[in-house]
Amino acid sequence: MARIVIMSDKGPLKIETKDGDKWICQCGISKNMPYCDGAHRNTKDEEEGKVYKYNKDGTREESSE
Ligand code: FES
């Protein structure tokens, strides 16, 4: 089963815990969910009004969704 989830944030959410800061992925393309792995850097040049699809290999393509 697969699903498409549209996410628009381009950076992580910082959570302060007793074990130190944790960075939670909000862009949706981390390979270490729920934590940020830095992959959000690939979203920085996304254009407003467009929707992109990120493939498992990290490549990106514009979507018609
Ligand atoms: S916020 Fe998603 S990888 Fe950093």
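Note that this is a predicted model, so its numbers are computed, not measured.
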Examine distances only and state if a side-chain atom of Tyr52 and a backbone atom of Glu47 form a donor-acceptor pair shorter than 3.5 Å. yes
Quick one, Arg60 and Asp45 - any side-chain contact, counting heavy atoms below 4.5 Å? yes
When rounded to the nearest 0.5 angstrom, what distance separates CD1 in Ile6 from NZ in Lys53? 13.0 Å
Heavy atoms of other groups near Lys44 NZ, more than 12 under 6.0 Å: yes
Main chain of Thr59, side chain of Asp57: is a donor-acceptor contact present, judged purely on distance under 3.5 Å? yes
Can you give me the closest heavy-atom contact between Cys25 and Ser30, atom names plus distance? SG-CB, 3.7 Å
Do Val51 and Met7 land in one hydrophobic cluster if side-chain heavy atoms of ILVMFWY residues count as linked below 4.5 Å? no
Min side-chain heavy-atom separation Trp23-Leu13 under 4.5 Å: no
State plainly whether the residues Lys31 and Asp37 are in salt-bridge range, i.e. N to O under 4.0 Å. no
Can you confirm whether Thr43 sits close enough to Tyr54 that some side-chain heavy atom of one is under 4.5 Å from a side-chain heavy atom of the other? yes
Look up atom SG in Cys36 and atom CZ in Arg41, then write down how far apart they are to the nearest 0.5 Å. 7.0 Å
First locate atom OG1 of Thr17, then atom NZ of Lys22, and finally report the distance between them rounded to the nearest 0.5 Å. 5.0 Å
